[in-house]
Every structure is written in C-alpha cells, then in structure tokens.
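Below: the structure, in structure tokens.
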Amino acid sequence: MKTFNISFVVLLLSCLLLSFIAPNNLSISESNSENSVNNIVFKNIKSSPEADTLSFESLNRFVSVELTRPIEYCFEKKDPHMFMSKCYSRIYFQLMNSEINSILYKDYDIRGSIIFNDCNQESRMADIVVNYSKKTITVRESYRGGSQDYKDYIKDICSFINKNGIPK
C-alpha cells in the first residue's frame with residue numbers, strides 16, 4: 001500500500017510540474033486563447049481573396065424560381081385547392097445542416113433539400129446541389145437512382161403527378 005501511495009504522489013507531482021512547463025488548454029492567458037482561435041480550421045475558408053459570397057435570400061430566390069415554383073405549378077394543376085386550403089401546404093428549399101451557419105460562396109457547390117410540407121407533415125422530396133455561378137441545379141431523388149438535371153427532374157415529377165396523383 002505504501003508503494004501505491006508513493007507512486008500516486010509522484011504521478012500527481014509530475015502532472016502538476018508538466019502543467020507549468022508545457023502549454024495546455026486549461027490556462028486562461030490571452031496569448032494561449034489567441035493561438036487556440038487561430039488553430040481552428042473552418043470548412044469554407046477560400047484561398048482566393050476575391051471569392052464572391054452569396055446570401056441565402058438570393059440562393060433561395062434562384063432555387064424557387066428554377067425548381068420549387070415549377071413543381072408547385074404541377075401540384076396545383078393536379079389539385080388546385082392544395083395550396084389554398086386552411087391546412088397550409090408548401091414546397092421549399094432547405095440547406096443541409098452542415099451549411100446552415102457557414103458562409104455561402106457563388107463558385108462552390110451548395111447542398112440542400114427540397115421539402116414538401118403538407119399540413120405540417122414534412123417529407124423530403126429530393127436532395128439538390130446548387131452551383132450559383134454556373135446556374136446549375138443537380139437533383140437526386142433517391143439513393144437508388146443517379147443525379148439528374150433539374151429540368152429533367154421537373155419533367156419526371158410532373159409526369160408522375162399527372163399519371164398517379166399527388167403522393168400523400
């Protein structure tokens with residue numbers, strides 16, 4: 001028991017001594033906190049200073065004009081009362097969770113989903129990848145199928161809705 005106590009004391013003293021010699025995360029000095037902030041790596045830091053940023057409003061406007069409004073038009077054509085009823089229905093664009101608080105850039109791909117909200121029951125229609133500078137949207141409806149251009153997706157979903165009705 002005496003050897004255990006001695007080894008425990010030696011371990012505590014060595015940890016205490018090392019805490020003063022080597023820098024650690026526990027000290028609150030100004031220089032150490034500045035170093036820790038500089039060591040954080042952000043996902044979307046661009047190497048070029050002239051990279052154009054993009055607001056979510058302009059991205060959402062682009063996606064809604066090119067993709068969600070044509071899909072809503074197909075839904076309204078099949079069921080005109082869907083978006084006018086007391087039960088609120090809508091189709092909207094939602095950013096991927098990892099991109100919600102990050103800076104959006106025009107030249108890089110932005111990931112998100114198209115969500116169909118029918119009476120407060122949300123269902124994901126498709127995952128999309130938007131490149132704002134190239135004005136392209138790539139849609140992937142399911143993992144079984146591959147990615148396709150948004151114009152082809154609109155044609156496919158409209159023909160499906162006209163043939164089978166609106167999925168519930």
Relative to the ring of F93, is the ring of F56 parallel (under 30°), tilted (30 to 60°) or perpendicular (over 60°)? parallel
State plainly whether one hydrophobic cluster holds both M96 and L104, where clusters connect Ile, Leu, Val, Met, Phe, Trp and Tyr through side-chain heavy atoms under 4.5 angstrom apart. no
Side chains of S58 and Y132: closer than 4.5 Å at any heavy-atom pair? yes
Is any side-chain heavy atom of R140 less than 4.5 Å from a side-chain heavy atom of V129? no
Atom CZ of R111: over 12 foreign heavy atoms under 6.0 Å: no
Just do the side-chain contact (heavy atoms from CB on, under 4.5 Å) check on V63 and I114 with the steps written out, would you? CA-CA 9 Å; V63 171; I114 298 297; 4.1 Å; yes
Clusters formed by hydrophobic residues whose side-chain heavy atoms approach within less than 4.5 Å: which one holds Y92, and what are its other members? I115
Take a 6.0 Å sphere around NZ of K134 and say whether it holds more than 12 heavy atoms from other residues, nucleotides or ligands. no
For the pair F4 and F8, name the ring-plane relationship: parallel under 30°, tilted 30 to 60°, perpendicular over 60°. parallel
Spacing of CD1 belonging to I128 relative to CG belonging to L95, to within rounding of 0.5 Å: 9.0 Å
So do I71 and M125 actually touch side chain to side chain, heavy atoms under 4.5 Å? yes
Does the pair L54 and Y105 meet the rule for a side-chain contact (heavy atoms from CB on, under 4.5 Å), with working shown? CA-CA 5 Å; L54 178 66; Y105 291 95; over 6 Å; no
Determine the minimum heavy-atom distance between S113 and D127, stating which atoms define it. OG-OD1, 2.9 Å
Work out which heavy atom in N131 is nearest to a heavy atom in K106; give both atom names and the distance. OD1-O, 3.5 Å
Geometric cation-pi criterion K155 and Y153, 6.0 Å radius, 45° cone: no
For the CG atom of D152 and the OG atom of S147, what is their distance to the nearest 0.5 Å? 12.0 Å
